[in-house]
Amino acid sequence: MPRYQPARIEPKWQSWWEAHDTFATPRLPRGRKTYLLDMFPYPSGDGLHVGHPEGYTATDIVARFERMRGTSVMHPMGFDAFGLPAEEHAIRTGTPPRESTERNIATFRRQLKMLGFSYDWKRELATTDPGYVRWTQWIFLVLFDTWFDPETGRGRPIAELPVPPDVAARGDAAVAAFRDSHRLAYQSEAPVNWCPALGTVLANEEVIGGVSERGGHPVVRIPLRQWMLRITAYAERLENDLALVDWPTSIKKLQSDWIGRSTGAEVDFFVAPAGAAASFDAWRHARRAAGFPAEAGREALRVYTTRPDTLYGVTYLVIAPEHPMIDLLTTPDRRDAIRAYREAAARKSDLDRTDLAKEKTGVFTGSSCIHPLTGLPVPVWVADYVLATYGTGAIMAVPAHDGRDWEFAKAFDLPIVTVVEPVDGTGHTESLFTGDGRAVASGPYTGLPTREFIARVAEDLRAAGMGRPAVNSKLRDWLFSRQRFWGEPFPVLHELGPDGRPTGAIRTVDASELPVRLPELVDFRPGDTPDPPLSRAGHDWLYVERDGKRYRRETNTMPQWAGSCWYYLRFLDPANGERFVDPEVERAWMPVDLYVGGAEHAVLHLLYARFWHKVLHDRGHVSTPEPFARLVNQGMILGEMEFTGYRSVKGGWVSAEAATADDTPARIPADQVEKQGEHFVLRDAPRIRVDSRAYKMSKSRGNVVNPDAVVREFGADSLRLYEMFMGPLEATKPWSTAGVGGVRGFLDRCWRLVVDERADDVRLSSQVVDDPPTDDQLRELHRMLDKVTTDIPALSFNTAIARMMEFVNFCTPLERRPRALLEPFVTVLAPFAPHLAEELWEVLGRPAPVSLVAWPIVEARWLKDDFLEIPVQIGGKLRARVTVPADTDVASMEAAAAADPRIAELLAGKQIVKVITVPGRMVNFVVR
RNA sequence: GCCGGAGUGGCGGAAUGGCAGACGCGGCGGACUCAAAAUCCGUUGCCAGCAAUGGCGUGUGGGUUCAAGUCCCACCUCCGGCACCA
């Protein structure tokens with residue numbers, strides 16, 4: 001009867017832990033602290049996926065391990081519960097999102113508890129809790145109250161923003177407008193990505209190749225009033241501070257590329273009116289006297305270039321279709337052509353402008369600008385390969401040294417002038433050359449190496465008032481509003497005039513009045529227009545009066561990212577009604593020491609959270625410059641390995657490499673294929689190759705593994721252990737149900753090591769005895785302990801588990817199993833298979849919980865062997881092994897090796913050129 | 001196209017430049033059993049050989065080294081990301 005029954009012991013210990021608050025975290029750490037954080041899940045209607053427990057088990061093992069070593073452990077869990085899927089489900093079924101969200105959270109909570117994670121559940125939070133939303137809105141107010149001071153490179157209170165006298169002179173409204181234009185949270189009328197199918201505006205990051213990331217719906221660009229967050233102000237710090245964190249280099253690189261910092265220069269080209277030359281001279285003199293102005297004005301077209309050394313190779317200029325100076329630069333005869341081109345460009349989605357349209361398009365404006373160094377006219381074109389949103393929205397085209405300009409020049413038959421030659425002596429080149437080299441045909445700069453040229457010309461342009469060094473980044477300001485229902489309302493009020501229309505003035509909701517709750521809405525569907533659902537809220541919600549003025553609430557909501565930007569801070573002090581987090585608590589626990597989650601958040605979530613954190617840091621609300629000290633991405637778990645054969649229309653099999661779209665793929669059971677050379681083939685028709693690979697789990701493919709089913713069949717400890725045993729945490733790896741059975745077999749053996757299986761009730765096996773362990777047994781034990789102890793902090797769980805399996809394999813045949821061997825083993829098993837470990841600990845007669853027992857001490861003296869088996873090589877090939885005492889010196893090792901009969905035989909008659917001996921490792925005879 | 005990461009038995013994987021394949025799955029053989037399951041024991045990279053043993057072997061081709069899965073060069077395949085950012 002007393003077989004290992006996870007279904008009985010797992011709920012038992014889960015209740016025990018809960019009843020005893022075993023994993024409660026103190027308000028402040030006592031002694032050493034560690035903060036172990038999982039990326040909290042979005043509680044979808046499908047419940048937990050086997051991918052979730054992978055990272056969660058990893059951090060849980062570390063958490064349990066650290067607790068047993070006496071560390072104060074912060075290990076919380078919560079739910080990222082705002083967002084589109086809940087809202088869409090709500091729309092489909094007519095249930096309010098809050099209801100379905102709560103139901104989904106209940107499912108997730110049940111599943112997470114079923115897996116035995118040692119979270120401090122008293123800290124649980126959901127981003128949708130009013131008590132949480134309150135502080136998300138409060139942080140928005142902080143962003144709203146902050147401007148970025150470029151002098152100090154930090155965010156400061158808006159009250160400290162210096163107001164220029166001429167602005168102040170124009171009155172309060174002008175001052176307010178000036179401040180609003182400097183806030184980190186500001187409104188903008190810029191063109192946005194409107195997705196009609198989703199009924200919302202999307203951030204650039206949520207639009208992939210012209211369609212929405214979620215759902216793949218078309219996206220069009222329309223102008224709309226939006227809330228923006230000035231993340232670009234922090235671009236440089238977000239980039240530089242990557243040096244402060246221990247993250248995978250690939251993630252750092254991804255963030256760095258996303259920020260996309262580039263250095264170069266801005267250069268002004270004089271806009272030539274009809275009779276050019278004379279006025280260019282006048283402009284030039286004025287510029288030399290006055291210097292480079294902050295705005296180019298109407299007299300000059302400002303371009304951004306990373307290669308000012310190619311100025312002499314400029315053969316035309318290009319402005320984006322949305323460039324503000326386009327009308328000014330268009331000559332009357334070109335007006336129709338330009339208008340047509342602009343309209344076409346506006347209709348094009350980003351998809352058309354990038355992926356499909358590799359062909360360059362553009363139209364000549366009819367006018368020219370004057371080159372600042374040569375004084376010669378340069379024609380101005382309009383083309384959509386220049387983006388309005390990057391740099392100045394205008395470029396100087398150097399077709400000889402830029403691939404895009406090259407293509408454009410070829411397409412429109414524009415001149416190509418070479419001004420850089422490779423230094424490696426290949427000489428003058430007729431083809432595109434984009435590398436660094438040496439300047440040719442560049443006036444006084446001819447002969448200069450690229451880098452020197454850039455430095456020199458930048459200085460000269462600055463002195464002439466024609467240009468200045470400039471830095472740009474690909475990062476755009478963060479579009480922070482959504483036209484949806486299920487998100488945090490903005491704590492913002494729009495003032496209404498006597499006519500009931502907005503005056504343009506805004507005020508924020510006082511922090512003491514937060515949270516601004518979502519209204520009860522009968523109809524929360526998005527509209528056909530970008531008018532948000534909240535605008536259909538009742539008047540009592542929508543209109544408020546403050547200080548005798550009427551206001552209408554902001555009806556946009558925040559994006560899903562908002563809640564996940566700071567949840568790691570709220571976990572530290574989740575019930576605080578006075579502050580978003582107690583500073584004493586924050587200082588004690590931050591930063592997060594280990595953050596584990598999927599690589600899909602490499603850019604967006606992690607960049608946004610870092611940005612908010614830096615603003616909070618600048619404003620004195622948090623103590624660390626970075627939130628997440630160490631980051632690890634768990635790999636994806638794929639579905640079970642599949643073999644796919646192809647059937648032709650006629651019914652026969654087609655070999656995989658010859659299959660076409662007409663042949664239908666068919667799944668083939670594993671026992672009908674075999675490996676032949678490089679490929680798998682059909683067992684019954686070895687000429688027919690089949691594809692073999694594992695696919696991403698998806699409902700449509702039908703290969704999704706449900707954790708509930710795995711727990712039912714094998715138990716939670718088996719699921720935990722299997723996911724850790726599959727391979728390295730960070731690797732992508734296929735699921736194998738047989739593999740789960742494998743680790744279950746291991747847990748069964750652990751059980752039988754301790755429990756008498758033939759008895760009627762759970763009782764200690766008579767083979768467990770109080771004998772002192774033998775030296776051999778202690779060696780085996782401490783080696784296992786040592787491996788597990790070093791592997792856990794390295795997150796190398798698969799090898800730790802392998803070592804525990806070896807230990808169990810060692811113990812299984814023992815007729816008499818010393819308790820002093822088994823108890824430390826059960827202790828170190830506890831982080832991996834906590835339920836089983838608790839049960840075995842109880843069977844061993846020790847007081848629960850093993851989860852808080854001190855981690856065993858590894859005794860170094862048991863890690864050394866008395867004798868070692870040393871490989872002996874001749875010419876690098878293994879020929880024999882000899883056993884020598886562990887402390888044998890080099891000479892004795894060589895002697896022992898040479899004395900081996902087989903080695904002696906092989907060495908006979910050979911001349912030994914050299915003997916390489918690595919003490920304690922190997923001997924190698926190099927012979928001639 | 002550019003940037004990452006990875007290629008090791010039938011499968012998942014292990015190996016501070018020093019015995020390739022730990023551990024698990026699967027396979028094969030045995031014990032127990034009337035039998036099966038479960039369990040336990042043994043065996044299992046490929047080729048040749050009765051065997052001792054020998055040869056080959058970490059995607060491909062070169063190189064460095066007494067010694068390379070590991071370091072260097074070139075290439076191939078797969079996976080992930082980015083993609084007119086001047």
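Each chain gets a letter, A, B and so on, in the order its sequence line appears, and its residues count up from 1.
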How many angstroms lie between atom CE of A:Met724 and atom CD1 of A:Ile61, to the nearest 0.5 angstrom?
-> 5.5 Å

Interface polar pairs with nucleotides 48-52 of chain B, N/O, under 3.5 angstrom:
none

Given the C1' atoms of B:C2 and B:U8, what is the spacing between them in whole Å?
-> 29 Å

Mind checking the C1' distance from B:C28 to B:G80? Whole angstroms is fine.
-> 40 Å

With heavy atoms under 4.0 Å as the rule, sort A:Glu730 into base, sugar-phosphate or nothing.
-> nothing

Give one of base, sugar-phosphate or nothing for A:Lys474, where a contact means two heavy atoms less than 4.0 Å apart.
-> base

The reported gap from CG in A:Asp791 to OG1 in A:Thr799 (rounded to nearest 0.5 angstrom) is 3.5 Å

Quick one: ring-ring contact (aromatic ring centres under 6.0 Å, His included) partners of A:Trp247, sequence neighbours excluded?
-> none

Identify, residue by residue, the members of residues 741-755 of chain A with a heavy atom below 4.0 Å from RNA chain B, and return them in order of residue number, or none.
-> A:Gly742, A:Arg749, A:Arg752

Closer than 4.0 Å, any side-chain N/O of A:Ser250 to the OP1 or OP2 of B:G81?
-> no

Return the orientation label for the A:Trp751 and A:Tyr4 ring planes: parallel under 30°, perpendicular over 60°, tilted otherwise.
-> tilted

Give a yes/no answer on whether the side chain of A:Asn809 brings an N or O atom under 4.0 Å of OP1 or OP2 in B:C40.
-> no

Between B:A48 and B:C73, how far apart are the P atoms? Round to whole Å, please.
-> 39 Å

Between CE of A:Met893 and P of B:G18 the distance, given in whole Å, is 15 Å

Output a table of nitrogen or oxygen pairs between the protein and nucleotides 55-63 of chain B separated by less than 3.5 Å.
unit_1 : atom_1 : unit_2   : atom_2 : d
B:G55  : OP2    : A:Arg879 : NH1    : 3.3

Looking only at heavy atoms, what is the nearest atom pair of A:Val705 and A:Val50, with distance?
-> O-CG1, 3.4 Å

When you measure from the centre of the six-membered ring of A:Tyr385, is the NZ or CZ of A:Lys360 under 6.0 Å away and within 45° of the axis?
-> yes

Can you tell me how far P of B:C79 sits from NZ of A:Lys696, to the nearest Å?
-> 13 Å

For atom P, what is the distance between B:G24 and B:U43, given to the nearest Å?
-> 13 Å

Criterion side-chain contact (heavy atoms from CB on, under 4.5 Å) against A:Tyr722, the qualifying member of A:Asp717, A:Thr57, A:Val740, A:Val710 = A:Val740

Taking the P atom of each, how far is B:U77 from B:G27, in whole Å?
-> 36 Å

Separation between the C1' atoms of B:A38 and B:C56, rounded to whole Å = 41 Å

Output the distance between atom CE (A:Met804) and atom CG (A:Leu829), rounded to the nearest 0.5 Å.
-> 5.5 Å

Looking at A:Leu311, A:Asp309, A:Val267, A:Thr310, which one forms a side-chain contact (heavy atoms from CB on, under 4.5 Å) with A:Val457?
-> A:Leu311

Give a yes/no on whether any side-chain N or O of A:Lys253 is located under 4.0 angstrom from OP1 or OP2 of B:G4.
-> no

What closest approach, in Å, do A:Tyr316 and A:Asp405 show between heavy atoms, and which atom pair accounts for it?
-> OH-O, 3.1 Å

To the nearest 0.5 angstrom, please state how far the CD1 atom of A:Ile231 sits from the CG atom of A:Leu607.
-> 4.5 Å

Complement of B:A31, any strand, by Watson-Crick or G-U distances under 3.5 angstrom = B:U39

Does anything in residues 917-927 of chain A reach RNA chain B, meaning a heavy atom under 4.0 Å, and if so which residues?
-> A:Val918, A:Arg921, A:Met922, A:Asn924, A:Val926

Taking only Lys NZ, Arg NE, NH1 and NH2, and the carboxylate oxygens of Asp or Glu, determine whether A:Arg783 and A:Glu806 approach each other closer than 4.0 Å.
-> no

Reported SG-to-CG distance for the pair A:Cys369 and A:Leu301, which is rounded to 0.5 angstrom = 5.0 Å

Please answer whether the main-chain N or O of A:Gly875 pairs with a side-chain N or O of A:Lys877 as donor and acceptor at a distance below 3.5 Å.
-> no

What nucleic acid atoms does A:Leu254 come within less than 4.0 Å of, heavy atoms only: base, sugar-phosphate, or nothing?
-> sugar-phosphate

Taking the six-membered ring of A:Phe807, is NZ or CZ of A:Arg803 closer than 6.0 Å to its centre and within 45° of its axis?
-> no

Could you measure between the two C1' atoms, the one in B:A68 and the one in B:A15, and give it in whole Å?
-> 13 Å

Name the closest nucleotide to the A:Leu387 side chain, picking from B:A86, B:A22, B:G18.
-> B:A86

What nucleotide, of B:A22, B:C84, B:G81, holds the atom closest to the side chain of A:Lys360?
-> B:C84

Would you verify whether the NZ or CZ of A:Arg744 falls within 45 degrees of the ring axis of A:Phe714 while also being under 6.0 Å from that six-membered ring's centre?
-> no

Do you know the tightest heavy-atom contact between A:Pro734 and A:Gly639?
-> CB-O, 3.7 Å

Taking atom types as modelled, is there a side-chain donor on A:Ser262 or A:Asn472 under 3.5 Å from an acceptor on the other?
-> no

Which protein N or O atoms sit under 3.5 Å from an N or O of nucleotides 10-13 of chain B?
unit_1 : atom_1 : unit_2   : atom_2 : d
B:C11  : OP1    : A:Lys675 : NZ     : 3.2
B:G12  : O2'    : A:Met726 : O      : 2.7

Whole-Å distance separating the CD atom of A:Glu894 from the C1' atom of B:C66 = 13 Å

B:U65 to B:G59 separation - P atoms, rounded to the nearest Å | 23 Å

What is the distance, rounded to the nearest whole Å, between atom CD of A:Glu600 and atom C1' of B:C79?
-> 15 Å

